[in-house]
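This report refers to the structure that appears directly beneath it.
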Amino acid sequence: MAKVTIDGVEIEVPDGTSILQAARMIGPTVAPPAMCFYTNLPSSGGYCRTCMVEVTKGSEKDPRPMPKLVASCRTTVMDGMVVGNRTSDKAIDARKGVVEFLLLNHPLDCPICDQAGECHLQDLSYENGSAKTRTDFERRTFDKIDIGDKIQLHMNRCILCYRCVKVADQLTPERVHGVMNRGDHSEISTYITNAVDNEFSGNMIDVCPVGALTDRTFRFKSRVWFTKPVTAHRDCDKCCGKVVLWYKGDDVLRVTGRKDQWGEVAEFICNTCRFDKKRTDDWVVEGPTNLSRHSVISANHYEKLVVPNELTLNDIKPLNP
Amino acid sequence: MGKKLLLQHDNVPGIDTYEVYRQQGGYASVEKALKMTSDEVVEEVKKSGLRGRGGAGFPTGMKWSFLAKPEGVPRYLVCNADESEPGTFKDRYLMQRHPHLLIEGMITASYALGANTAYIYIRGEYFYIVNILEKAIEEAYTAGWLGDNIQGTGYSLNMYVHPGAGAYICGEETALLESLEGKRGNPRIKPPFPAVKGLYACPTVVNNVETIAAVVPIVNMGGDEYAKIGIGKSTGTKLISASGHIKKPGVYEIELGLPVEEFIYSEEYCGGILNDKKLKAVVPGGSSVPVLPAELSLKTPTGEPRLMSYESLSEGGFISGSMLGSGGFIVMDETTSIVRNLHTFTRFYHHESCGQCSPCREGTGWMEKITHKILDGHGTLADIDLLWDIQRKIEGNTICPLGDAAAWPVAAAIRHFREEFEEYVSNPASIVDVKHYYNIHNLVEA
C-alpha cells in the first residue's frame, strides 16, 4: 500500500495505482480530467496531456519534486508522494494550454454535432479553457468518411486520443483502421476507404471522447439532453448485454454501453445489442439511469459539490468561467 | 593541433576497407576487450567519463550499468545512426569514411553489455551508407570478428543494418525501437526505459554512432588515460559539424574545452567568418538548442571565454547559455535574419512532429504559422508574446523531447533577438526580401 496526498487529501491506495486512479478514488473534486486514458483499455493514456499534475514530493524515500509535470494516468504513485492538481498553478496553466491546443483545429461545430451534451471536450474546455481563441488561422479540415453502414468518422473533431485504435486492437480480432500521416495532419483512417466491420466495432463510438465517431443510426435524431436514459439488459450470447437505452417518447433512439461517473464503459457491448435491438420488448428494463456529473444531460439535476474533509473550498482554484 | 582519436587515420587512403583498417591497428580494442571480462570493459568506459554524443550528454558508463540483466532474456545494443538534427552531419562522415571504426566499437560495446545481437538503425536518407556499412560488416564476418565464436572466445555476435524511412522522430530512442520493431515510429511513454524494456521488450542500450566509436580509443588507451583528455566532466574528443557562414565548413574533431572563439576563427578549424563579416549568432549544438548571440557565444555571462564543452556552453542556463547538443555548430553572420532562420526551424519541427501528444502536434504547427505571418510582414506585437506563450506551454509537457526541441529555439530567438521581431512587425516594408519574393513567384529580377 502507498500513501499519497493529492490536493491536500491523503489516501492509501494499492501499489501500482496511477495518480489519476488514486485521485478518482478521492472524488471528482480532485480528479484530473482525462481525454485519452480509458480504464478498460490497457496501455491507453499519455497522449492528450490534460491530466498533467505537479508532483511536489516524489516519495518518502526520495522527497525530491519531479522536474516536469507528469501525466497522472501513466505515473504510478509512490509511498509519501505529494501531488498538486487543482491546487497547483503550474498544472492549471499547462492544462489551459492543452485545451487551447486541442481546440486549435477543432471546428467548434457543437450546434450540429451529435456528441454535444455528452462531449468530454466540451466539458474540458468549459471547465479549464479560456473563453477566447487566440488564433485566426484557417482550421485544418478533412472530409467525412462513412466507415461501414453504422459508424461515421468526422475527422475534423478528432483529438487523436487513440482510444478507438486500442478498442480495435484489444476487442476485435483484427484492426483495420489506424493513424495515418503524422503531426497535425495525422488522421484516423482505414487507409483506402474501408468498412470497419466486426461484432464489437460499435464500441469505438462509446470510447470516442468527442464527436469524431458517431452512430449513423442516431445521427440528427435528437439532442442527447432531450432523450431519457434507461438502464436495461438482455440475454446476449456475444456480450454482457448490459446497456443504456436512450428513449424519446416511446422510441428507443439509440443503445449504448453503461458509462460510469468518468464517462467510461465498464463492460463493452456487441453490435447486435447496439444497432439491431431497438424495441422495448427486446430488453428487460431496470429503471432510470443515474446521471453523472458530466455533460448537460444532468442539467437541472443539481448535485451537491462534495469537498473532501481535508480540503476547504478556498484551496481549490475556481473553474472557468 | 588538437588530439585526434576518431579521425586520426582520416587521411589514410582506403581506410574504409578492412585490410587497411587492420594495418592501422584496427580491431585491437576487440582483441583487448575479449581478454577482459565484460564488467571490466564497462568499468573502463565509466572511468573514461564518456558522455553520450547524440545530444543529451548522459554518461555512457552509467547508462550501460543501468541495463537490466535478467536470466534467459536476450539483450540488445542498438546504434542510433538516425542523424537528422539540422546542422549535424558528423555521424554521416564517420560512417562513410570509417565504417570499421563503428563496427569495432559495436563489437566491443556488445561484448561489454553481453548482447548477442546488435542493430545499426540508420537514417533512410543515408541509403548509400547502408551499402558501405553492409560491405564492412561482411568483411568483419569474413575476418572472424562477427558471427559465432568470435576469435575462438566463445562469444557470438550478429549485426544488422536497418534503414529507417526518413523521420526525424525516429532518432528519439523509443521511437527508434518502435520503428525497428516494424511499427509506426511513435515515441513510447516512459517508464519503462529501454534499459529495462526496450527492443522486443528486452533490455536494450541505444547509443549514438560517435559514442560507440569512442569506445574504441577508450578500450585501447584505458579509461583513465581517456579521461585526461578534455576538460572537467567533458572528457575526450568530440566531432563537430560546422556549417553556416564560415570559411571552412566541415567535420572537425576537437578536444573538448577548446574555446569557441578559437574554433570559429583559427585556421585549423572554421577559418573565420565568410567574407570577414561580423559574427551575429551561433547555434552550438544542432537546431534544437538555444541560439546564442555573438557576445554570449564567445564569452560566458561571467566574462570567461566560452569553451566547447558540456558545462561551459550551458553556463548561465537557458537565459544566457545553450547546450553542446549533438555538435551541429551553425554560425550566422550579420546578414542573417533570425526571424527567417526561426521560421525554417519551426517549419522543420512542424513537419517532423509525430502527432501523438497534443501540445507538440498542434503547437508546432501554430508556431510555424505565426513565424510565417511575422516573416510576411503581417505580424503584430501580440504575436511575439503569443509565440512566447506557446513555446512555454509546449516545453516539458510532451511525451518525448521533440516538444522541448521545438520550443527552445523559439524561446532563445525571442529572448535574444526580440528587437528584430519587433522590427519585422513594426516596419514590414523595410524587411521584405526582394530576392525571396522573386524566387517564390518565379519572377525574373528586374
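Reminder, nothing fancy here: chain letters follow the sequence lines and each chain counts from 1.
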If I take atom [atom1] from residue [X] and atom [atom2] from residue [Y], how far apart are they, to the nearest 0.5 angstrom?
| X | Y | atom1 | atom2 | value |
| --- | --- | --- | --- | --- |
| Gln356(B) | Arg49(A) | CD | CZ | 9.0 Å |
| Asp184(A) | Glu368(B) | CG | CD | 8.5 Å |
| Ile189(B) | Thr75(A) | CD1 | OG1 | 9.5 Å |
| Trp366(B) | Phe137(A) | CH2 | CZ | 9.0 Å |
| Leu386(B) | Thr135(A) | CG | OG1 | 8.0 Å |

Contacting region of [X] [heavy-atom separation from chain A under 4.5 Å]:
| X | value |
| --- | --- |
| Ala167(B) | both |
| Ile390(B) | both |
| Thr398(B) | backbone |
| Asp383(B) | neither |
| Glu352(B) | both |

Proximity breakdown for [X] and chain B, heavy-atom pairs closer than 4.5 Å:
| X | result |
| --- | --- |
| Val70(A) | neither |
| Arg74(A) | side chain |
| Glu138(A) | backbone |
| Leu160(A) | both |
| Asn181(A) | backbone |

Could you tell me which non-hydrogen atom of [X] sits nearest to which non-hydrogen atom of [Y], and how far apart they are?
| X | Y | answer |
| --- | --- | --- |
| Arg184(B) | Ser186(A) | NH2-OG, 4.0 Å |
| Arg392(B) | Asp93(A) | NH1-OD2, 2.9 Å |
| Asp389(B) | Arg134(A) | OD2-NH2, 2.8 Å |

Arg140(A) and Glu362(B) ion-paired at < 4.0 Å: yes
Side-chain ion pair, Asp404(B) and Lys68(A), N-O less than 4.0 Å: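 Yes, Asp404(B) and Lys68(A) are salt-bridged.
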Within 6.0 angstrom of [X] [atom1], more than 12 heavy atoms from elsewhere:
| X | atom1 | answer |
| --- | --- | --- |
| Lys3(A) | NZ | no |
| Met155(A) | CE | yes |
| Lys197(B) | NZ | no |

Close side-chain approach of Arg182(A) and His351(B), heavy atoms under 4.5 Å: yes
Largest heavy-atom contact set with chain A, pairs under 4.5 Å, which of Ile370(B), Ile399(B), Ile169(B): Ile399(B)
No-hydrogen, no-angle side-chain donor-acceptor test under 3.5 Å, Asn186(B) and Tyr47(A):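 There is no such pair (donor and acceptor under 3.5 Å, judged by atom type) between the side chains of Asn186(B) and Tyr47(A).
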Identified side chain to side chain contact (heavy atoms under 4.5 Å, CB included) counterpart of Cys48(A) within the set Cys357(B), Ser358(B), Pro359(B):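 Checked Cys357(B), Ser358(B), Pro359(B) against Cys48(A); only one passes side chain to side chain contact (heavy atoms under 4.5 Å, CB included): Ser358(B).
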